[in-house]
Amino acid sequence: MKIVSVVGTRPQLIKAAALQPALRARHDEVFVDTGQHWDESMAGAFFSELGLAKPDHALGAGGGSHAGQTAAMLIGLEPILHAERPDAVLVYGDTNSTLAGALAAAKLGIPVAHVEAGLRSFDRRMPEELNRVVADHLATWSFAPTPTAVANLRAEGIERGVVLVGDLMKDLAARVSAEVRDPSVLEAISARLGVALAPGGYLFATIHRQENREPAAMAAWAGILAAAAAADRPVILALHPGTRAAMDRAGVSRGPHVAVVEPLEYRTSLALQLHAAAVVTDSGGVQREAAWLGAPCLVLRSSTEWPELTGTGGQSVLVGLDQERAMAELERLAPRASTMTAARRRAATLSLVSSGAAEAIVNALARLPD
Ligand code: UDP
């Protein structure tokens, strides 16, 4: 099969890195980068770190409004699909690149394969929710990561072509986790970031959702990070450039002991999660990785597409932007007295197993669903 795969953002490059070797072993891939994320720290660096192929087509369609960006991608994709005449177009996740890839293909009658199908926050104020709902309803193959996602698709009448495949992000984390397991990896990261980092002695944070770029939301989560940070437990906030720009525009300041750093490499992100006292995030990928690595995680959202992670008894909890709740959960999940022992034990006993998603996807793509 000839498959055009469309990526554009950091998490899509990470998922593509998990799929590409298996995809290329079995099918012919034409690799298209929309350029939705374009700077070195959010995109360029991942090509070399993760061994991704050079894109066959680069659209350079980053920036602008949602409509402008999606329109530029549609206009860029159509002639490529006409020229390449693929058997399928594969899209990942829930971004504007996902929407544009699915729509451009479906309008040309080309079957669409959607990786991470069926996820729902049930919150249509989120641009991601709109993108994933449309992609799911256009898809011929719906590759679901969890049984909940399969049930969500069924509830919307989507049953044909649904395959429960597992999670590509877990597979990549399983592949590289041995490289970051030794706590001594923190020494080089500490030196580079200029912050003293001991196992269990810091918090790792990422924030990038659109709703968390509103001024009131930024003030609220900055307050949570400032309250959680201390001289002997700094917060490392790996800040998405879009969030940084929104903070600068609104004049939101970070608290003492909150170190704001540029977006980090994939392995550094995994290492900082594994050895942290706790992770604080609104990211879909980071909340999953923290759970797989066994790190306590405060999710700064009121809904999640991954309800199996935040069920009762888990190490992950939805705290929204409620500071009192966040601090109480932090103390419950990562009590100050035991985080060092917990982090060392977590790293020493880590055993992460691949879900086999890449193989399941490439096998299913070999023929059209019944
Ligand atoms: N990530 C990274 N560097 C960072 C922060 C995150 O490599 O500074 C990785 C993280 O480990 C995960 C992915 O980016 O694999 C998550 O992507 P993101 O949070 O941008 O998007 P989401 O998962 O919310 O769609």
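Both counts, for ligands and for their atoms, begin at 1 and track the order of listing.
In summary, the atoms of ligand 1 found under 4.0 Å from a heavy atom of Phe46, numbered by their order in the structure, are 7 (O). Taking a cut-off of under 4.0 Å to the non-hydrogen atoms of Gln273, the atoms of ligand 1 that pass are 11 (O). Of all atoms in ligand 1, numbered sequentially from 1 with element shown, those under 4.0 Å from a heavy atom of Pro263 are 8 (O). Ligand-side atoms of ligand 1 in range of His208: 18 (P), 19 (O), 20 (O), 21 (O), 22 (P), 24 (O), range being under 4.0 angstrom from any heavy atom. Close approach of ligand 1 to Val286 (heavy-atom distance below 4.0 Å) involves ligand atoms 10 (C). For ligand 1, the atoms closer than 4.0 angstrom to any heavy atom of Met169 are 12 (C), 13 (C), 15 (O). Using a 4.0 Å cut-off to heavy atoms of Tyr266, the atoms of ligand 1 that qualify are 7 (O), 15 (O).
Distances shorter than 4.0 angstrom do not occur between any heavy atom of Leu270 and any atom of ligand 1. Heavy-atom distances between Arg288 and ligand 1 stay at or above 4.0 Å for every pair. Contact between Glu262 and ligand 1 is absent, with no heavy atom of the residue lying under 4.0 Å from the ligand. Look at Glu265 and you'll find a heavy atom under 4.0 Å from some atom of ligand 1.
With respect to the salt-bridge test (charged N to carboxylate O, under 4.0 angstrom), the residues Lys15 and Asp171 do not qualify. The pair Glu179-Arg267 meets the salt-bridge criterion, with a side-chain N (NZ, NE, NH1 or NH2) lying under 4.0 Å from an Asp/Glu carboxylate O. Salt-bridge check for Arg367 with Asp370: passed, with a basic side-chain N closer than 4.0 Å to an acidic carboxylate O. Salt bridge annotation for Arg120-Glu156: present, with a cationic side-chain nitrogen under 4.0 angstrom from a carboxylate oxygen. Salt bridge absent: Lys170 and Glu289 never bring a charged side-chain N and a carboxylate O closer than 4.0 Å. In this structure, Glu129 does not pair ionically with Arg124, as no charged nitrogen and carboxylate oxygen lie closer than 4.0 Å.
Contact annotation: for Glu128 versus ligand 1, there are no heavy atoms closer than 4.0 Å. When heavy-atom distances to ligand 1 are checked against a 4.0 Å cut-off, Ala238 comes that close only through its side chain, counted from C-beta outward. Contact annotation for Glu289 and ligand 1: only side-chain heavy atoms (C-beta onward) come within less than 4.0 Å of the ligand. Only side-chain heavy atoms of Ile14 come within less than 4.0 Å of ligand 1; its backbone N, CA, C and O stay farther off.
Not a single N or O atom of Asp94, backbone or side chain, sits closer than 3.5 Å to an N or O atom of ligand 1. At least one N or O atom of Gly285, backbone or side chain, sits closer than 3.5 Å to an N or O atom of ligand 1. The distance criterion of under 3.5 Å between nitrogen or oxygen atoms is met by Gly284 with respect to ligand 1.
Under a cut-off of 6.0 angstrom, the local environment of NZ in Lys107 is sparse, with at most 12 non-hydrogen atoms contributed by other residues, nucleotides or ligands. Atom CZ of Arg332 has more than 12 heavy atoms from other residues, nucleotides or ligands within 6.0 Å.
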Practice task
Report the C-alpha distance between Glu305 and Arg301 in whole Å, list the side-chain angles of each, state the deciding distance to 0.1 Å, and finish with yes or no for side-chain contact (heavy atoms from CB on, under 4.5 Å).
Solution key: CA-CA 11 Å; Glu305 298 77 17; Arg301 289 182 49 192; 2.9 Å; yes

Practice task
Assess whether salt bridge (charged side-chain N to carboxylate O under 4.0 Å, His left out) is satisfied between Arg209 and Glu128, documenting all intermediate values.
Solution key: CA-CA 9 Å; Arg209 297 254 89 84; Glu128 296 90 341; 2.8 Å; yes

Problem - CA sep, side-chain torsions, deciding dist, call: Glu262, Arg244, salt bridge (charged side-chain N to carboxylate O under 4.0 Å, His left out) - result: CA-CA 9 Å; Glu262 295 293 315; Arg244 186 187 284 266; 3.5 Å; yes

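Of the protein's non-hydrogen atoms, Arg10 NH1, 3.1 Å is the one closest to atom 4 (C) of ligand 1. Protein heavy atom at the shortest distance from atom 19 (O) of ligand 1 is Ser283 OG, 2.6 Å. The single protein non-hydrogen atom nearest to atom 3 (N) of ligand 1 is Leu264 O, 2.7 Å, given as residue, atom name and distance. At the shortest separation from atom 25 (O) of ligand 1 among protein heavy atoms lies Pro11 CG, 3.6 Å. What sits closest to atom 1 (N) of ligand 1 on the protein, heavy atoms only, is Ser269 OG, 3.5 Å.
Under a hydrophobic clustering in which Ile, Leu, Val, Met, Phe, Trp and Tyr are joined whenever their side-chain heavy atoms come within less than 4.5 Å, directly or via other members, Met247 and Val258 fall into the same cluster.
The aromatic rings of His240 and His37 sit perpendicular, their planes meeting at an angle over 60°, well past the 30° parallel limit.
Annotation: His114 is not in aromatic contact with His137 [ring centroid separation under 6.0 Å not met].
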